[in-house]
Every structure is written in C-alpha cells, then in structure tokens.
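Quick note on labels: first sequence line is chain A, next is B, and so on, each numbered from 1. In this text, all values refer to a predicted model and were calculated from it rather than measured experimentally.
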2 protein chains.
Amino acid sequence: MTTTEDRGTGHVSIAEAAQRLGLSTHALRYYETEGLLVGAPARTPAGRRRYDERDLTWIVMVQRLRATGMPVREVREYAELVRAGRGTEPARLALLRAHRERVLAQLAEVTDHLGAITAKIEGYERQVDR
Amino acid sequence: MTTTEDRGTGHVSIAEAAQRLGLSTHALRYYETEGLLVGAPARTPAGRRRYDERDLTWIVMVQRLRATGMPVREVREYAELVRAGRGTEPARLALLRAHRERVLAQLAEVTDHLGAITAKIEGYERQVDR
DNA sequence: GCTTGACTTCGAGCGCGCTCTAAGCAGCAG
DNA sequence: CTGCTGCTTAGAGCGCGCTCGAAGTCAAGC
C-alpha cells in the first residue's frame, strides 16, 4: 500500500485528499493556482503538499459552491475575502446571500421545467400503455 | 417597424422567434444544424426561415431539457426518435425518464448544498450582528 | 546503488455550447 | 436606382473548467 496515511496530525498527501474529496489531483492543484484556497496547503521539506483538516473542510465548501453553479472567479473572490481576514465578514455575507438567491431561483426554474418534463413523460406513458 | 410580424398563419422570422424564445438567432441556427429540431423550419421563396407554432413549441421543450442539464447530444437523440415517428415512443419514454432521475438527483444535491450554504450565511449573520 | 512511483511545475489541449465574423443576397424606403 | 437592413452560409473563435503530457525530483524498497 502506498496510502500516505494520515500521520496522526491530520495531514494527507494530494492523492489522498483527492480521493477523499472526489476530485483529481490536477483539479486540486488547479484550485490552488487559481486562488480558490484560503491558504496554500503546507509542504513537506521536499516540497510536497500536505492537506490538513482545515484545508479539506474549506475545499468541501468550495465544492458546494461550485456544485451550485458559482463560477470559479467568484469562489476566488470569496476566498480572497476570507484571506483578508477580519472586517470582510459583511462582504462575505453579501456574496453568499447573492449566491443563495441565484440558487433559489435556479431551483424554482428547474422545478418548473421538471413539471413540464414529467407531464411529457405521462403523455408517453398513456400512449405506450395502450 | 421591422417586426416581420406573424402573417396570420403563425409564421415568424428567425429574429422574432429568437426574441420570443429568449435565444439568439445564432443559437437557433446552431440548434438546427446540430439536429435538435424535429423538422427544419419552412423557408420563404428567398430561403429565409419561417417558424410556425409547432416549431416554437418544440424549441421551448428543447430549452427545458437544456436548462435542466441535458447535453445537446442527448437532445439530438431525442429529436431523432421523434423524427423517426411511430414506434419510438418507448425509447423516448426511457430517455426522458432517465433524464428526470438525473434532474431529481441534482435537485436533491443542490438542496443539500443550499442547506450548508445557508448555515454558513447564518454564521456570518450572527457574527456581523454583534 | 538502482528502480519504482508518487510527486513537482509549466504549459498545451480539450469538450461543451454557443458566439461572432465575413461575404454575399433579398427586399423595401425614398 | 440607391441605400439600408436583415437575412443566408461556412467556418473561426471563445470562455469555462478542467485535463493531460512532458520533464524532472525525491523517498523508499530491494
């Protein structure tokens, strides 16, 4: 096994982080170079990335934002605010609220489309049953 | 005015169809060349497209499928089945059912993410209120 | 000491879904 | 008849978000 296992302090290699998060190692490096991470993960003396629990928790949030349609650019803006530290909370709040509004609108729209699709399905069901 | 208005029989120019549907004329032609339309719209003697109500109704369905995440390729498959006519109803039904399952799964996932985002927002609200 | 394999950086490539440009023609206003 | 606008086609270009490849380094096992 090449598990690069958690050495007690909660640090994992990029491969294990990727597996846990369901991302590719490429994507993890990409997120980092694109400024989506609040802090770059620590490195071993040899320059290899070591992700701790805080890194992983943050990336889960990034995944949630991405999965709900927030563009990479905006996740970066949010990460920048968090990096900037105290005082940026109102801006972070505004950003997340705006995103939530968009997600709610999208949910409503998809739900509406879903109704129409279901109606179409029911039409075919009646047709096929005959 | 250059409204290219409906001449009684429900035929409209590509510009008006685009406006009604909220698409660009480019996108309408793209959908046509990509095989997403069941039948190509009729043409004037000069070769200009004239969309009738059936064309428009179909495109609205295409928009619903696209807006719920169905890839262009799959919309084309569906359109091909419809074009093939009688006997393809079970296949159409299967395609739409599979899509509905994906949409339902996506809705559940987004709703879950939304909960986490809302929790984050509430955390900031408490912090900012202080 | 050598091989193996996971890591590193940098940059090119790709799939998707349009979007836009260019060049040319049709049809209507003045 | 002259412009002007809006259509036509074919094909190039683009923004997004990764994804992949190349070339090199490092640590561990045999």
With sequence neighbours left out, write down each residue that passes side chain to side chain donor-acceptor pair (under 3.5 Å) with Glu74(B), or none if nothing qualifies.
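Once residues adjacent in sequence are excluded, the partners of Glu74(B) under the side chain to side chain donor-acceptor pair (under 3.5 Å) criterion are Arg102(B).
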Sequence neighbours left out, what passes side chain to side chain donor-acceptor pair (under 3.5 Å) with Gln127(A)? Give chain and number order.
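Side chain to side chain donor-acceptor pair (under 3.5 Å) list for Gln127(A), sorted by chain: Glu89(B).
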Decide yes or no for [X] and [Y]: does some side-chain heavy atom of the first lie under 4.5 Å from some side-chain heavy atom of the second?
| X | Y | answer |
| --- | --- | --- |
| Ile14(A) | Arg48(A) | no |
| Pro41(B) | Glu32(B) | yes |
| Tyr31(A) | Val75(A) | no |

Is there a path from Val103(B) to Val103(A) through hydrophobic residues (I, L, V, M, F, W, Y) whose side chains come within less than 4.5 Å of each other?
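Result: yes, single cluster for both.
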Can you get from Leu114(B) to Leu104(B) by hopping between Ile, Leu, Val, Met, Phe, Trp and Tyr side chains that sit under 4.5 Å apart?
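Looking at the clustering, Leu104(B) is in the same group as Leu114(B).
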Rounded distance in Å - [atom1] ([X]) to [atom2] ([N]):
| X | N | atom1 | atom2 | result |
| --- | --- | --- | --- | --- |
| Arg43(A) | dT8(C) | CZ | C1' | 8 Å |
| Gln19(A) | dC7(C) | CD | C1' | 16 Å |
| Glu34(B) | dG17(C) | CD | P | 9 Å |
| Ile14(B) | dA26(C) | CD1 | P | 18 Å |
| Gln63(B) | dG17(C) | CD | P | 15 Å |

Produce the list of close N/O pairs, under 3.5 Å, pairing protein atoms with atoms of nucleotides 23-30 of chain D; give distances to one decimal.
from, atom 1, to, atom 2, distance (Å)
dC26(D), O2, Arg48(A), NH2, 3.3

Side chains of residues 56-69 of chain B: which donor-acceptor pairs under 3.5 Å do they make with residues two or more places apart or in other chains?
from, atom 1, to, atom 2, distance (Å)
Thr57(B), OG1, Glu53(B), O, 2.8
Trp58(B), NE1, Leu36(B), O, 2.8
Gln63(B), NE2, Leu21(B), O, 2.9
Arg64(B), NH1, Asp112(A), OD2, 3.4
Arg64(B), NH1, His113(A), ND1, 3.0
Arg66(B), NH1, Met70(B), O, 2.5
Thr68(B), OG1, Arg64(B), O, 2.8
Thr68(B), OG1, Leu65(B), O, 2.9
Thr68(B), OG1, His99(B), NE2, 2.8

Can you pull out the residues from residues 66-80 of chain A that lie within a 4.0 Å heavy-atom distance of DNA chain C?
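None - not one residue of the stretch has a heavy atom sitting under 4.0 Å from the strand.
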Do any side-chain nitrogens or oxygens of Ser13(B) fall under 4.0 Å of OP1 or OP2 in dG6(D)?
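The answer is no; no side-chain N or O of Ser13(B) sits under 4.0 Å from OP1 or OP2.
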Below 4.0 angstrom from OP1 or OP2 of dT8(D), is there any side-chain N or O of Arg49(B)?
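Yes, such a contact exists.
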When rounded to the nearest 0.5 angstrom, what distance separates OG1 in Thr25(B) from CZ in Arg29(B)?
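Answer for the OG1-CZ pair, Thr25(B) versus Arg29(B), is 4.5 Å.
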Which is it for Leu37(A) and Asp55(A) under the side-chain contact (heavy atoms from CB on, under 4.5 Å) test, yes or no, and what are the steps along the way?
CA-CA 8 Å; Leu37(A) 307 191; Asp55(A) 294 327; over 6 Å; no
Going by number, which of residues 21-33 of chain A have a non-hydrogen atom under 4.0 Å from DNA chain D?
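Going residue by residue through residues 21-33 of chain A, the ones with a heavy atom under 4.0 Å of DNA chain D turn out to be Ser24(A), His26(A), Tyr30(A), Tyr31(A).
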Less than 4.0 Å between a side-chain N and a carboxylate O, is that true for Glu101(A) and Arg97(A)?
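No, this pair does not count.
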